[in-house]
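One structure below.
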Amino acid sequence: MIENYSLLQKILHWLSAAIIIWATISGFYIGFFNVNYETKELISFFNVAITTILIPFFMVRLYIYIHSNDFNAWSQLEVNKLLPKIAHFVIYVNIIIVLITGVTMMDRDINVFGFIIPQPITDDYLNSISNSIHIFSCGSLAFLILLHISAVVIHKLKGNCVMKRMKF
């Protein structure tokens, strides 16, 4: 079990957390509430840009995660140590799906604060499928994030401050 995470792991965790939580809350806000057009466009533009920027950072995070976990040893773990590993794995897979479908659902070029990335898929049907998967995976990711935060709080209440491993 990792007693402490490296500075890079902590930075990537909190960068990912900040962007994902912002994009989730603001995305649901503009999706479920009556928001004026200008606000909706501004939030959409900002979310597309910051989540696109997140992709290479998340790839580094994923690389570190894969290389710091001995997946072969999972079968030797007790259930109470295996469940958190499975939960983290599911979160990572869900984030990958959200990021991929976020890109593939785009019906226009991707504007990253003035840097333009051409629309990767121009087929409306495929964009629509990606959009549907994206919406579902954003909902499931929000649920997983709430579970993750709840687990941290429960551990803290039981006297096991797992957060100390993520502090700078």
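Position 1 is the first residue of the sequence; numbering continues from there. What you see below is based on every heavy atom in this structure, not just the backbone, and it leaves out hydrogens, waters and symmetry mates. Predicted, not measured: the structure shown is a model, and the values here were computed from it.
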Please check this pair: side chain of His88 against backbone of Pro84, looking for a donor-acceptor N/O pair closer than 3.5 Å.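 A pair under 3.5 Å: yes.
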Does His155 use its side chain to pair, donor to acceptor, with the backbone of Cys161 at less than 3.5 Å?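 No, His155 side chain to Cys161 backbone: no donor-acceptor pair under 3.5 Å.
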hydrophobic_cluster_shared for [Y] and [X], side chain cutoff 4.5 Å:
X     : Y      : result
Val98 : Leu12  : yes
Tyr5  : Val152 : yes
Ile43 : Met105 : no
Leu83 : Val93  : no
Ile11 : Ile50  : no

Determine, step by step, whether Arg61 and Tyr92 satisfy the side chain to side chain contact (heavy atoms under 4.5 Å, CB included) criterion, reporting the C-alpha distance in whole Å, the side-chain angles of both residues, the deciding distance to 0.1 Å, and the verdict. CA-CA 10 Å; Arg61 186 173 178 203; Tyr92 273 82; 3.1 Å; yes
Kindly check if the number of other-residue, nucleotide or ligand heavy atoms within 6.0 Å of [atom1] ([X]) is above 12?
X      : atom1 : answer
Phe113 : CZ    : yes
Lys40  : NZ    : no
Met59  : CE    : no

Min side-chain heavy-atom separation [X]-[Y] under 4.5 Å:
X      : Y      : answer
Ile55  : Thr51  : no
Asn69  : Trp74  : yes
Phe57  : Ser16  : no
Ile110 : Ile116 : no

Enter the distance from [X]:[atom1] to [Y]:[atom2] here, rounded to the nearest 0.5 Å.
X      : Y      : atom1 : atom2 : result
Ser132 : Asn127 : OG    : CG    : 11.0 Å
Gln119 : Thr104 : CD    : OG1   : 10.5 Å
Thr101 : Ile129 : OG1   : CD1   : 12.0 Å
Asn131 : Asp124 : CG    : CG    : 11.5 Å
Ser150 : Leu144 : OG    : CG    : 11.0 Å
Ile117 : Met106 : CD1   : CE    : 9.5 Å

Ile64 and side chain to side chain contact (heavy atoms under 4.5 Å, CB included): which partner among Leu62, Ile66, Val60?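 Per the side chain to side chain contact (heavy atoms under 4.5 Å, CB included) rule, the option paired with Ile64 is Val60, out of Leu62, Ile66, Val60.
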Heavy-atom closest contact (Phe168 atom, Lys10 atom, distance):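 Distance-wise, the nearest heavy atoms are CE2-CB, 3.6 Å.
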For residues Gln9 and Ser6, is any side-chain donor paired with an opposing acceptor at under 3.5 Å?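 Yes.
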If we count only N and O atoms by modelled type, under 3.5 Å, do the side chains of Asn94 and Ser140 hold a donor and an acceptor together?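 Yes - a donor-acceptor pair under 3.5 Å links their side chains.
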Among residues at least two apart in sequence or on other chains, which ones pass ring pair (Phe, Tyr, Trp, His ring centres under 6.0 Å) with Tyr63?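 For Tyr63, the residues satisfying ring pair (Phe, Tyr, Trp, His ring centres under 6.0 Å) (neighbours in sequence not counted) are His67.
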What residues form a ring pair (Phe, Tyr, Trp, His ring centres under 6.0 Å) with His13, not counting sequence neighbours?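 Applying ring pair (Phe, Tyr, Trp, His ring centres under 6.0 Å) to His13 gives none.
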Only distances under 3.5 Å count here; give the side-chain donor-acceptor pairs of residues 19-37 to other protein atoms, sequence neighbours excluded, each with its distance to 0.1 Å.
| residue | atom | partner | partner atom | Å |
| --- | --- | --- | --- | --- |
| Trp22 | NE1 | Asn47 | OD1 | 2.7 |
| Thr24 | OG1 | Ile20 | O | 2.7 |
| Ser26 | OG | Trp22 | O | 2.7 |
| Ser26 | OG | Asn47 | OD1 | 3.3 |
| Ser26 | OG | Asn47 | ND2 | 2.9 |
| Asn36 | OD1 | Glu38 | N | 3.2 |
| Asn36 | OD1 | Thr39 | N | 2.7 |
| Asn36 | OD1 | Thr39 | OG1 | 2.9 |
| Asn36 | ND2 | Thr39 | OG1 | 3.3 |

